[in-house]
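Bear in mind the structure is a predicted one, so any value in this text is a computation, not a measurement. For the single chain, residues carry numbers from 1 onward in sequence order.
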Amino acid sequence: MEEKEKLPNSRLTTLSHGSGCGCKIAPIELEKILRNVKTNSKDFNVLVGNQQGDDAAVIDIGNDLAIISTTDFFMPIVDNALDFGKISAANAISDIYAMGGKPISALAILGWPIEKLGTDSAGEVMKGAASICGQANIALAGGHSIENKEPFFGLSVNGIIQHKHIKTNQGAQPGDRLFITKPIGVGIIATALKRGIATEEEINKVILSMVILNRIGELLGSEPEIHAMTDVTGFGLIGHLLEMCEEGKIGAQISFDQIPIILPDSIQKYLSQFVMPDNTMRNFKAFHSKVSKLDAKQLQLLCDPQTSGGMLIAVSEKGVKPLLNHALSLGINLSEIGRFKVHQAESPLIVVND
């Protein structure tokens, strides 16, 4: 075997400057980048573009059908190549579910330092991604790869949906109840992993959360009382909830104590050691003026960048029972964390209570 095929024992997380969705470009910089390329909903049959930072683009293809199109990739959040592929795939497919759609195809996006890692580890990444695609009943049908100093992987995914079933991150109404489908805190554990201080039990726990598909989104697309959905990724719970409120007419009130936290004892241990992703503070810098005053723990968790996080769901009182039934059918532990309300101009868009 060639020498370069003997090197895949390197820890993947040591070969990149960031990890998972924590390596996303910060919100303030992203806004500058997109300032001059905002899509108009009337352009080229675009039904949902990038005006409100939604999870995916939606394109009308006629006969009351639309294609949902997204891409998502990042640098390793775990050291095991197979798990990295699984997490990346679940994270990318989630964008289709967040729009209420059904995934239909996936293409791989791979950048790999062949001289450092060889090809076997890249093959494991692809194998992991293919297994998650299989769970979503789609094929990993092709893609593109490049040699790169830092490894990265993700998918370009397409889905399909009827016009009337399209869900966006806008549309929440006063009185809607707010639910989340996964615990937060993954970014903190991932940072501990990158620093080499996370335990095997902690690593396995966060991997288990990140590889779970948000397939409930597809079921909720046909529920008219589900008014808005989005998944929680690199901008943290606060950042993605702000996207649901950003029009200015709708605000949200959340109860911090009701928000599920993964491995709370471990999280407390790492926060006391100031272990958190760099993007936590970048997120806070971008969002703090729109949120009520946060204490240190609230800041560190609500701004924590998630990778393959859960769904935020805005639902009317009438729609809560169907939502709970869908969650039960999939074995999902839903957590109700707040409500939407009419936004008063003098108040923050999001009020965080203990």
Side-chain angles (χ1 to χ4, degrees), residues 11-31 53 72-80 83-84 87-88 90-92 94 150-154 180 182-199 202-211 230-243 256 259-288 290-291 294-310 312 350 352:
R11 288 183 55 214
L12 293 182
T13 55
T14 66
L15 300 177
S16 60
H17 69 278
S19 64
C21 289
C23 60
K24 289 178 73 169
I25 291 176
I28 294 174
E29 281 70 35
L30 183 60
E31 177 60 29
D72 210 318
F73 56 91
F74 46 67
M75 290 174 278
I77 189 168
V78 293
D79 290 320
N80 181 275
D83 289 331
F84 176 40
I87 294 164
S88 301
N91 182 75
S94 181
E150 293 184 299
F152 64 81
F153 181 76
I180 192 169
K182 289 185 183 182
I184 64 172
V186 167
I188 295 164
I189 303 296
T191 302
L193 187 161
K194 188 171 177 62
R195 295 185 186 181
I197 58 176
T199 67
E202 291 166 345
I203 294 168
N204 290 338
K205 181 73 172 181
V206 295
I207 289 173
L208 182 61
S209 177
M210 289 187 287
V211 301
T230 192
D231 61 352
V232 183
T233 55
F235 297 153
L237 190 155
I238 283 290
H240 293 286
L241 181 55
L242 276 170
E243 291 174 340
F256 183 75
I259 298 171
I261 298 171
I262 198 165
L263 295 166
D265 290 341
S266 297
I267 292 291
Q268 187 60 47
K269 172 184 67 177
Y270 290 130
L271 290 184
S272 68
Q273 299 171 14
F274 301 101
V275 175
M276 61 181 181
D278 292 340
N279 264 16
T280 297
M281 294 310 299
R282 293 178 193 148
N283 285 341
F284 177 69
K285 181 180 178 181
F287 306 136
H288 72 92
K290 302 172 184 178
V291 182
L294 304 175
D295 63 31
K297 184 176 181 179
Q298 291 171 343
L299 183 160
Q300 291 164 326
L301 279 162
L302 296 178
C303 297
D304 182 47
Q306 304 302 286
T307 299
S308 192
L312 287 174
I350 297 177
V352 179

**Q** Verify, without hydrogens or angle tests, whether Q300 (side chain) and M276 (backbone) share a donor-acceptor contact under 3.5 angstrom.
**A**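 Looks like no, no N/O pair under 3.5 Å.
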**Q** So, do F153 and M75 sit near enough that their side-chain heavy atoms are less than 4.5 Å apart?
**A**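 Answer no - side chains too far apart.
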**Q** Okay, side chain of K182, backbone of I262: is any donor-acceptor separation there less than 3.5 Å?
**A**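 Between the backbone of I262 and the side chain of K182 there is no qualifying donor-acceptor contact (under 3.5 Å).
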**Q** A side-chain contact here means heavy atoms from C-beta on lying under 4.5 Å apart; do L312 and D231 qualify?
**A**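 No, too far: nothing below the 4.5 Å cut-off.
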**Q** Mind checking ring pair (Phe, Tyr, Trp, His ring centres under 6.0 Å) for F152 and listing every partner two or more places apart, or none if nothing turns up?
**A**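 With sequence neighbours excluded, F152 shows a ring pair (Phe, Tyr, Trp, His ring centres under 6.0 Å) to F73, given in chain and number order.
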**Q** Any side-chain heavy atom of D278 within less than 4.5 Å of one from T191?
**A**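 Side chain of D278 against side chain of T191, heavy atoms only: no contact under 4.5 Å found.
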**Q** Please enumerate all residues that pass side-chain contact (heavy atoms from CB on, under 4.5 Å) together with D83, with sequence neighbours excluded.
**A**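 D83 satisfies side-chain contact (heavy atoms from CB on, under 4.5 Å) with V78, N80, K86, I207 once adjacent residues are dropped.
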**Q** Measuring from atom CG of N279 to atom CE of M281, what distance do you get when rounded to the nearest 0.5 angstrom?
**A**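 One gets 11.5 Å once the value is rounded to the nearest 0.5 Å.
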**Q** Taking H240 for its side chain and T233 for its backbone only, find out whether a donor-acceptor pair lies under 3.5 Å.
**A**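 Yes: the side chain of H240 pairs with the backbone of T233.
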**Q** Among T280, I238, D304, which one satisfies side chain to side chain contact (heavy atoms under 4.5 Å, CB included) with L299?
**A**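 Exactly one candidate clears the test, T280.
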**Q** How are the rings of F74 and F84 set relative to one another: parallel (under 30°), tilted (30 to 60°) or perpendicular (over 60°)?
**A**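 F74 vs F84 ring planes: tilted.
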**Q** Can a donor-acceptor pair be found, under 3.5 Å and without considering hydrogens, that links the side chain of D79 to the backbone of L12?
**A**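 Such a contact is found between D79 side chain and L12 backbone.
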**Q** Do L302 and V352 touch side chain to side chain, with heavy atoms closer than 4.5 Å?
**A**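 They are in contact (side-chain heavy atoms under 4.5 Å apart), so the answer is yes.
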**Q** Under the rule for ring pair (Phe, Tyr, Trp, His ring centres under 6.0 Å), what residues qualify as partners of F256, not counting sequence neighbours?
**A**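 Here no residue qualifies.
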**Q** side-chain hydrogen bond (donor to acceptor under 3.5 Å, both in side chains) with K290: which residues, sequence neighbours excluded?
**A**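 By the side-chain hydrogen bond (donor to acceptor under 3.5 Å, both in side chains) rule, K290 matches E246.
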**Q** Identify the two heavy atoms, one from N283 and one from C303, that lie closest to each other, and give their separation to 0.1 Å.
**A**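 Here N283 and C303 meet closest at ND2-O, 3.0 Å.
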**Q** Which heavy atom in P260 sits nearest to a heavy atom in I180, and how many Å separate them?
**A**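 Nearest heavy atoms, P260 then I180: CD-CG2, 3.7 Å.
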**Q** The criterion is side-chain hydrogen bond (donor to acceptor under 3.5 Å, both in side chains); which residues satisfy it with K285, sequence neighbours excluded?
**A**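 Result, side-chain hydrogen bond (donor to acceptor under 3.5 Å, both in side chains) vs K285: none returned.
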**Q** How far apart are the closest heavy atoms of I184 and Q306, and which atoms are they?
**A**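 Minimum heavy-atom separation between I184 and Q306: CA-OE1, 3.3 Å.
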**Q** For the residue pair I261 and P183, establish whether any side-chain heavy-atom pair is separated by less than 4.5 Å.
**A**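 Answer no - side chains too far apart.
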**Q** Should L301 and I259 count as side-chain neighbours, where that means a heavy-atom distance under 4.5 Å?
**A**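 When only atoms from C-beta onward are counted, I259 and L301 do not touch, as no gap falls below 4.5 Å.
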**Q** Mind checking what makes side-chain hydrogen bond (donor to acceptor under 3.5 Å, both in side chains) contact with S209, not counting sequence neighbours?
**A**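 S209: no side-chain hydrogen bond (donor to acceptor under 3.5 Å, both in side chains) contacts found.
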**Q** Taking the side chain as every heavy atom from C-beta outward, state whether E150 and P76 have any pair of such atoms under 4.5 Å apart.
**A**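 E150 does not reach P76 side chain to side chain.
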**Q** Of all residues at least two apart in sequence or in a different chain, which pass the side-chain contact (heavy atoms from CB on, under 4.5 Å) check with A286?
**A**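 A286 satisfies side-chain contact (heavy atoms from CB on, under 4.5 Å) with P27, I28 only.
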**Q** Under 3.5 Å, is there a donor-acceptor pair between the side chain of N91 and the main chain of G154?
**A**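 No, the answer is negative, given that no donor and acceptor are paired below the 3.5 Å cut-off.
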**Q** Please list, chain by chain and in numerical order, all residues satisfying side-chain contact (heavy atoms from CB on, under 4.5 Å) with I197, sequence neighbours excluded.
**A**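 Listed in chain order: A192, R195, Y270, Q273, V275.
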**Q** Does atom NZ of K205 have more than 12 heavy-atom neighbours, drawn from other residues, nucleotides or ligands, at distances under 6.0 Å?
**A**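 No, because the 6.0 Å sphere around NZ of K205 holds 12 heavy atoms or fewer from other groups.
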**Q** Given side-chain contact (heavy atoms from CB on, under 4.5 Å), test K194 with S16 step by step and report yes or no.
**A** CA-CA 10 Å; K194 188 171 177 62; S16 60; 4.0 Å; yes
**Q** Rounded to the nearest 0.5 Å, how far apart are CG of L208 and CD1 of I203?
**A**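 Between atom CG of L208 and atom CD1 of I203 there are 13.5 Å.
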**Q** Before you tell me yes or no, could you show the steps for E202 and N204 under side-chain hydrogen bond (donor to acceptor under 3.5 Å, both in side chains), namely the whole-Å CA-CA distance, both residues' side-chain angles and the distance that decides it to 0.1 Å?
**A** CA-CA 6 Å; E202 291 166 345; N204 290 338; over 6 Å; no
**Q** Quick check for you: to the nearest 0.5 Å, what is the distance between I188 atom CD1 and K269 atom NZ?
**A**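 If I round to the nearest 0.5 Å, the distance is 12.5 Å.
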**Q** Name all residues meeting the side-chain hydrogen bond (donor to acceptor under 3.5 Å, both in side chains) criterion together with Q298; count only those two or more places apart in sequence or in a different chain, and write none if there are none.
**A**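 Partners of Q298 under the side-chain hydrogen bond (donor to acceptor under 3.5 Å, both in side chains) test: D354.
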**Q** With a 4.5 Å limit on heavy-atom distance, are the side chains of M210 and I77 in contact?
**A**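 Answer yes - side chains close enough.
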